[in-house]
Amino acid sequence: MNGKTAHSFDTVFVLLLFCLFAVSSLFLVLIGANVYRGIVDKMDANNEMRSSLSYVSNKVRSADGRDVSIQSLNGQQTLVIESKINREKYNTYIYLYNGYLMELFTKADNDFKAGSGDKITPITAFTITKTESELSLEVSGSDNRKRSLKLSLS
Amino acid sequence: MKRKGSIHLSVGASSILMIFVVLCLTTFGVLSYVTANADAKISTKNAEMVENYYAGSTAAEKQLQQVDSTLLAAKADAELAVENGNVDATKYDASYKSHDQIHSVVDIINGTLPKEQKCKLVYRSFSEMLLTSIPGFSIDAGTDGEPLRFTYVTDAGSGHHLETKFTVNPYGDSNRYTVTSKKLINDQTVGETSQGNLQLWQGNSAK
Amino acid sequence: MKHSGVQYNSFFIEIILVILFFSVSVAVTLQLFVAANNRAQQSSDLSVAVIKAENIAEQVKSLSTADALPKALDTAKPSGSGDTPHYSIGYDKEWNETESDPRYVVDVTMNKAKSDGGTMVIADISINRLHNSSTESLYRLNSAKYLPNH
């Protein structure tokens with residue numbers, strides 16, 4: 001009788017230990033996954049902010065200051081950059097649509113269709129304001145932190 | 001067998017579990033390290049590009065400073081030349097005399113126009129002669145009456161150049177020059193070949 | 001009983017060895033995670049530093065007079081004297097402006113060099129991270145503006 005209870009107690013104890021081990025290793029894997037997700041999310045948000053700002057600033061710097069303007073199209077602020085290729089007028093529209101920063105390059109005569117642009121990077125907010133010689137951009141990535149860049153137009 | 005009903009935990013179950021957990025954690029660790037590394041590289045590249053752009057912009061401003069001092073010298077020289085009636089006592093007379101235009105300048109100086117007009121025309125010629133002799137400056141063809149238009153480029157790193165265009169304002173204006181355009185240009189431009197195809201890549205990569 | 005003793009003994013020995021090995025490998029993997037986190041933090045710091053420096057540099061490019069100050073430096077602490085004034089702005093770890101205990105510092109030195117035609121203003125912008133009383137340089141930028149005399 002004694003042996004039997006000792007035997008079953010040992011079994012339960014071993015099982016308990018093993019379950020504890022299994023549960024704690026599960027927790028560790030979950031923690032590891034969460035840490036990984038945290039790192040990657042932070043990097044993604046940083047990447048979105050950096051790419052969008054540097055892309056738009058490069059576009060603005062490559063254009064003449066007088067060709068850059070802001071128009072309100074489809075109810076939102078759109079950056080419009082005019083250019084002339086082979087004596088034809090083209091417009092580059094940069095705007096936020098469906099959670100993405102989009103760019104549409106088309107002839108100046110064509111209508112602006114928000115859906116036909118190219119996706120650049122996913123962002124959550126895009127605000128532009130223009131004063132006489134300064135263009136102010138404000139974007140925020142997936143972490144919803146706003147970063148702003150002011151460019152001087154020449 | 002005595003242990004028929006007993007629960008039998010085989011050796012190795014915990015090892016398997018441990019291997020699984022270690023594998024998972026190592027995978028996460030390696031993945032996050034590799035992604036973080038790639039991100040840091042992109043960040044550094046972006047930072048370098050911005051740094052190069054502003055280095056190019058600073059170089060462009062230094063060129064403008066040179067332009068301004070050249071224009072000041074041209075103005076002083078023009079006044080001196082009109083005053084003296086010849087080009088000999090001017091600061092850059094050697095440079096002026098090396099250009100063919102010097103003959104038309106001498107004609108103007110010896111002509112009968114009012115002093116103000118003479119200064120204006122001589123200043124225009126002198127500034128053209130001096131500015132075109134600065135390496136990297138190119139003049140845009142224009143008619144005689146219009147202000148002179150110049151273009152120069154400065155290196156903005158990684159296959160980009162900053163192109164500045166300015167005009168030389170007429171003699172007597174408070175602003176000696178006006179910058180008309182400053183933009184970033186790519187070294188490689190996409191151009192059409194004779195068959196009407198677009199040549200997209202000429203085989204150079206950005207340094 | 002001897003059999004079962006051996007049975008359970010081997011389990012315990014095995015689990016002890018497993019935990020030992022596991023702790024060693026977790027220590028290594030943890031270092032990997034920490035290194036990855038550090039890299040991500042570094043990359044994020046550099047990106048924001050570049051944006052802040054760019055803001056100031058762009059404002060220098062649009063200065064209208066030699067004594068004007070870029071708008072971003074309105075809230076900065078001035079030091080230095082005369083021809084090379086020096087400005088500092090402190091930021092906390094979320095990159096919000098703060099006066100006390102800054103984690104990041106933006107230092108701007110405005111050099112003004114007069115020539116016969118005008119003044120050349122060169123701004124030396126440097127962004128540093130303060131780390132337990134040691135300063136680490138994150139990013140440096142130079143931006144210039146030539147302002148001719150009229």
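In what follows, every chain begins at residue 1, and chains take the letters A, B, ... in the order their sequences are listed. Please read these numbers as outputs of a predicted model, since none were measured by experiment.
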Hey, what do you get for [atom1] ([X]) to [atom2] ([Y]), rounding to the nearest 0.5 Å?
X        : Y        : atom1 : atom2 : answer
B/Lys183 : A/Leu153 : NZ    : CG    : 13.5 Å
A/Ile39  : B/Thr35  : CD1   : OG1   : 8.5 Å
A/Ser54  : B/Tyr53  : OG    : OH    : 13.0 Å
B/Glu163 : A/Ser62  : CD    : OG    : 11.0 Å
A/Ser51  : B/Ile42  : OG    : CD1   : 7.5 Å
B/Ser32  : A/Lys42  : OG    : NZ    : 12.0 Å

Tell me whether [X] at atom [atom1] has more than 12 heavy atoms from other residues, nucleotides or ligands lying less than 6.0 Å away.
X        : atom1 : value
A/Asp111 : CG    : no
B/Tyr92  : OH    : no
A/Phe27  : CZ    : no
A/Lys113 : NZ    : no
B/Lys62  : NZ    : no

Residues in residues 20-28 of chain B near chain A [non-hydrogen atoms, under 4.5 Å]: B/Val21, B/Cys24, B/Leu25, B/Phe28
Please classify the contact between B/Leu31 and chain A as side chain, backbone, both or neither, with a heavy-atom cut-off of under 4.5 Å. both
With a 4.5 angstrom heavy-atom cut-off, is it the side chain or the backbone of [X] that approaches chain B, or both, or neither?
X       : value
A/Ala63 : backbone
A/Ser25 : both
A/Arg66 : side chain

Could you tell me whether the side chain of A/Asn58 reaches within less than 4.5 Å of the side chain of B/Met49, counting heavy atoms only? yes
Mind checking side-chain hydrogen bond (donor to acceptor under 3.5 Å, both in side chains) for A/Arg50 and listing every partner two or more places apart, or none if nothing turns up? A/Asn47, B/Asp39, B/Ser43, C/Ser47
